[in-house]
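Okay, structure first, notes after.
To find a chain, count down the sequence lines: A is the first, B the second, and so on, and within it residues start at 1. We use all heavy atoms of the structure for the numbers below, so side chains are in, but hydrogens, waters and symmetry mates are not. Keep in mind it's a predicted model, so treat the numbers as computed, not measured.
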Amino acid sequence: MFTKLALRNVRRQIGNYLIYFITVSLTVALLFAVNNIIFGDEIAKFAQGMTEMRTGLAGFVVFIALIVAFVLSYATSFMLRLRKREFGTYLTLGMTRKNILTIFVFETAIICLIAMGIGLVLGLFIYQGLMAIFMHLLNMEFAISAYSMNGMLFTIALVTGIFIISSVASALYLKKVSIYDLIHGDKKVEKSVKHPLVWLIITVLTLVVCICSIAVFYWSVDEIMMKGMNANYLFLSLFAFAGSMILFHVALSKSLVYVLMKRKRFCSRGTHIFVLRQLSAVLGSNALMIGLLAFLLSFSVIAANVCFVQKAMQELSLNQNCPYDIVYSDNLYSTGDTGKVPLPQAEEVIESYKHIEAKYPYALYTTGKNDFYRNTRWSGEGYAGLTDSFMSVSDFNAVTQPLGFDPVVLNDTYLIVANLPEITDYDWENFTFTWKEQDYKYGGVTREYPSLAYMYFYVVVPDAAVEDMKKEVSYMAYDITDGEYDAASLRQALSYTVEREDGAETYERTDFRFREYSRQQENATSAILVVGALFAAAIFLFMAMAILALKTLSGLSDDKKRYQILYRLGTGEKEQGRTLFAQTFTFFLTPFAACILISVPTAMIIKHIITLSGMAVLQWQIYGIAASIAGVMTLIYILYYAATYMIAKKAVVHR
Amino acid sequence: MKEILKIQNVVKYYGNGSVVIKALDGISFSVAKGEFVAIMGASGSGKSTLLNVIATIDRASAGEIYIGGKQISAMREEALSAFRRDALGFVFQEYNLLDTLTIGENIALPLYLKKVGHDRAERELQRVAQALDIGDQLQKFPYELSGGQRQRAACARAIITDPSLILADEPTGALDSKNSKGLMQTFQKMHTALGSTLLMVTHDPVVGSYADRLLFLKDGKIWSEVLRGGRSRQEMHREILSVTAALGGEADVY
Ligand SMILES: Nc1ncnc2c1ncn2[C@@H]1O[C@H](COP(=O)(O)OP(=O)(O)OP(=O)(O)O)[C@@H](O)[C@H]1O
Ligand SMILES: [Mg+2]
């Protein structure tokens, strides 16, 4: 008999069940997709060797799983709250608490099972979609990716675990709660916020802290990149930002209505006071949730920006770091290497992969002194053995001209070449370099050239100057025929084992740098980053919307009565619609608005960092990325909001 | 005397297809300005339906309704809402007040909806709160009040806009006899001191005895009419009891 009762109830609240169902299905789908990626070997193949990435990935999944768990348990508790009154009625009819619990758990289990089935199927598609993006980012042919059994089992285990936990929570609640609370618990208006003035002050303070932390972050990026300060302030400002972002939204939720309510004239127009009172209840009691959502949404915005900019900058940074297809550097000081391939032999190996079109030899020399380094912060303790490096102007011109640079002319002057921005901060103009009784005057400091040697900086001098210096490293830059090739295996072929002097360990090394290999590595990194960011953004966005929608819709049965009263008092259909819009949109907007605004400082900081790191940035590109991310997120948000609004409107507005 | 409400041949059907219920079956009457009219009848006789049709929250299937000379059955939806807001006041049996608003905000809400401005709304609020003796409860929320106090607040809200017609559907339905007596005194005060025109549905003969005139409904038709004509409440009460006995016997007798 009770099963019949329960079934009828399901039919009556089909809308709410549908929302619960969709929420569970989608969370399962997203979870399954990410687990497939983690447990499958597609991405693992690319992440191989990148241990940091692996740990990062694992941490990321745990983070996502926690959040998904939160949404699922929230959705389940939503179901319980939805049916409080019904359970109360059952109790008064003489049903035992155990009976009710059995019905509830049984019902939710069935819904969860079906939702899990659908979620798993849906997850397969989402996974394929993500893999398609991933493969596209790697410039690889998309093939249907294999599913991972472990991923599926892990997903099922996770969802079951979450279900059991929330069932236990429901059981504990049902065991303790009084019948009166079940039946009348939701009749009482949610308590009004205590100490709204304090919250208002906190709102203002945290806003200030938030803005300050962004400023400190900006400044500490400068300090780190220009003066090599440690990153303490950077982390501090990040923590301050996260904390103040959460607290700001908590405080805002608690004080926003209070501020508006103080404006009597505003309150006494139309349905304003009604909207404010509605919001006061829902915002005040969900302040912490709104704070968390705001944090996750800003995380999504920032992560998406960083990842997409990284992707966009990849080509630029490749040109910067690997201007030539292959660069050989012979470290003359390394000894005891076995299996080191002699250069002519190595070139034959290269030829077997790709034809060498041109070779550009160049070298670095040293005086054994630190005349230049002495003027920088790379001197003194910790930099004891560091000596200046020099390149002859003819070598320099020979290797830079093919890259499209004009030849440099030095008339007893020197030119400092570096990528680090701080190099220009030192007083070089009054510094004269003397070598073998010859004075070389300041001829410039430049950051324009791509990196040809891996030094903090080197000094280009007239050819005559290096004649008496000791050769430090000789390089050979190669131009090979265009097109892709198996850089990884070429790199492997030119690697050799190095034995440490103490004989403790051996390690693989190669004296070559392969542009193609770096490109592939960076591709894999940015593919993982982009897919990860997309995924995180999707999950957080979805989660925020699901929670907001569940919250809005679960209040509908009460709202229905309230709107009926408004209707009787002469509020027309249109005005009811406007009122509902103001009420629900403000609720949706509260955790979202600031997060979208975060796009602006994020883009500014990213642009700043890239400028500092010596790459020419296309300003519009960074702002364009920020704008598109904000745009897409807003669009999804609006669509979701519109759906919620339509459902609510249908349920609530009286005609 | 000026006619506030005029109803002609109003018919109301519920349902469609095979099962059709005729809730109102050709009802005609009118209410003059300042009158206090009660509608009585057995459960299911069509009292609430009649009130809802007059209140413009339900539409009649046929017939004409004039309020203040305006034919409401011809009005469009948005115009009806504005009409309800400006010309009518309501007291219902339950769910009268918005639980999220304070009593003061609840009472002043019709004025807010009319956008009369803060100062005037505040003035009117003080006026009706004083008249109905609820001035010290304006800051409270409905759940902090008793059922009788809530109904009084609903009355205050019904009169705050000075509507040409106040409609009440079993306003004492949820109250005990002491509280319903208090509420009826409130109604009488509204009627005599403030000159409100009242149309009230009740099935309580004691409550009905406060009215100037009583209409008895049976099966959607006006079955009989009782006029006070200067009689005392006790005499009215006795007459009502005899009419209800004749009406169907099983009517509620308190
Ligand atoms: N929305 C509706 N749909 C179908 N039938 C309805 C509807 N509302 C009322 N009725 C029917 O119309 C008739 C009159 O109902 P109404 O609510 O007007 O009675 P009432 O006199 O107010 O009774 P009570 O004293 O119990 O409140 C009843 O037979 C009822 O079943
Ligand atoms: Mg009724």
Side-chain angles (χ1 to χ4, degrees), chain A residues 180 183-193 257 260-285 555 557-580 583 587 652-655, chain B residues 51-52 55-59 75-92 94-102 104-125 139-144 154 157-158 160-161 163 167 169:
Chain A
Y180 181 86
I183 297 183
H184 299 288
D186 49 345
K187 261 199 179 158
K188 238 190 265 164
V189 182
E190 277 146 293
K191 267 193 226 110
S192 56
V193 174
V257 172
L260 290 174
M261 216 109 87
K262 280 272 155 221
R263 299 181 49 208
K264 289 273 173 265
R265 242 156 265 285
F266 173 80
C267 287
S268 54
R269 277 228 325 274
T271 51
H272 287 174
I273 185 70
F274 174 75
V275 172
L276 288 181
R277 289 287 186 189
Q278 291 279 88
L279 277 174
S280 156
V282 74
L283 284 180
S285 59
S557 58
D558 288 335
D559 280 350
K560 192 177 169 150
K561 282 178 215 136
R562 298 183 185 130
Y563 277 83
Q564 189 177 15
I565 294 172
L566 285 183
Y567 167 74
R568 285 175 178 173
L569 292 179
T571 312
E573 196 185 329
K574 274 191 205 130
E575 199 175 349
Q576 285 179 63
R578 277 199 297 272
T579 305
L580 183 68
Q583 178 195 327
F587 181 52
V652 156
V653 169
H654 281 258
R655 263 164 282 232
Chain B
L51 206 75
N52 287 344
T56 75
I57 55 183
D58 205 349
R59 277 197 186 265
M75 275 156 88
R76 296 177 57 96
E77 192 54 49
E78 289 297 317
L80 274 185
S81 289
F83 177 77
R84 232 174 8 249
R85 188 187 66 205
D86 298 341
L88 299 179
F90 297 95
V91 184
F92 287 92
E94 48 186 353
Y95 302 133
N96 265 306
L97 302 177
L98 289 160
D99 53 353
T100 42
L101 266 56
T102 63
E105 288 159 0
N106 261 299
I107 296 175
L109 188 58
L111 291 178
Y112 294 166
L113 294 176
K114 280 178 88 164
K115 301 196 175 102
V116 297
H118 175 67
D119 297 339
R120 194 178 139 204
E122 198 56 33
R123 250 191 344 262
E124 301 283 307
L125 175 61
Q139 299 306 320
K140 291 184 179 165
F141 283 93
Y143 72 91
E144 297 172 293
R157 186 187 61 192
I160 198 166
T161 54
L167 301 165
D169 190 356

Worksheet item: Residues two or more places apart in sequence or in another chain: which of them pass side chain to side chain donor-acceptor pair (under 3.5 Å) with B:Glu144?
Response: none
Discussion item. As an exercise: rank B:Asn106, B:Leu88, B:Asp119, B:Asp86 by heavy-atom pairs under 4.5 Å with chain A and give me the winner.
Written reply: B:Asp119
Practice prompt. For atom CZ of B:Arg59, decide whether the heavy atoms of other residues, nucleotides or ligands shown that lie under 6.0 angstrom number more than 12.
Written response: yes
Discussion item. Which heavy atom of A:Ile565 sits nearest to which heavy atom of B:Asn96, and what is that distance?
Written reply: CG2-O, 3.6 Å
Worksheet item: Does the cation-pi check pass for A:Arg568 over B:Phe92, that is, NZ or CZ under 6.0 Å from the six-membered ring centre and within 45° of its axis?
Response: yes
Worksheet item: Considering all heavy atoms of both residues, which atom of A:Ser268 and which atom of B:His118 are nearest to each other, and what is their separation?
Response: OG-CB, 3.2 Å
Item to complete: Could you pull out the closest heavy-atom pair between A:Gly572 and B:Ser81, with the gap in Å?
Response: CA-OG, 3.1 Å
Worksheet item: Taking it one step at a time, do A:Leu569 and B:Arg85 satisfy side-chain contact (heavy atoms from CB on, under 4.5 Å)?
Response: CA-CA 5 Å; A:Leu569 292 179; B:Arg85 188 187 66 205; over 6 Å; no
Practice prompt. Let me see the working for B:Asp99 and A:Lys561 under salt bridge (Lys or Arg N to Asp or Glu O under 4.0 Å), right down to the final yes or no.
Written response: CA-CA 10 Å; B:Asp99 53 353; A:Lys561 282 178 215 136; over 6 Å; no
Fill in: Least distance between heavy atoms, A:Cys267 atom then B:Tyr112 atom
O-CD1, 4.0 Å
Practice prompt. Mind listing the closest non-hydrogen atom pair of A:Lys574 and B:Glu78 along with its distance?
Written response: N-OE2, 3.5 Å
Worksheet item: Which heavy atom of A:Tyr567 sits nearest a heavy atom of B:Thr56, and at what distance?
Response: OH-O, 4.0 Å
Practice prompt. Considering only heavy atoms and a distance below 4.5 Å, find which of B:Arg84, B:Glu122, B:Glu105, B:Lys115 pairs most often with chain A.
Written response: B:Arg84
Practice prompt. Check each atom of A:Phe266 against the heavy atoms of chain B and say whether the ones under 4.5 Å are side chain, backbone, both or neither.
Written response: neither
Item to complete: Kindly determine whether A:Thr271 and B:Leu109 satisfy side-chain contact (heavy atoms from CB on, under 4.5 Å), including the steps that lead there.
Response: CA-CA 8 Å; A:Thr271 51; B:Leu109 188 58; 5.6 Å; no
Fill in: Whether A:Arg277 side chain and B:Leu98 backbone form a donor-acceptor pair below 3.5 Å
no
Practice prompt. Under the salt bridge (charged side-chain N to carboxylate O under 4.0 Å, His left out) rule, collect the residues that match up with A:Glu575, sequence neighbours excluded.
Written response: none
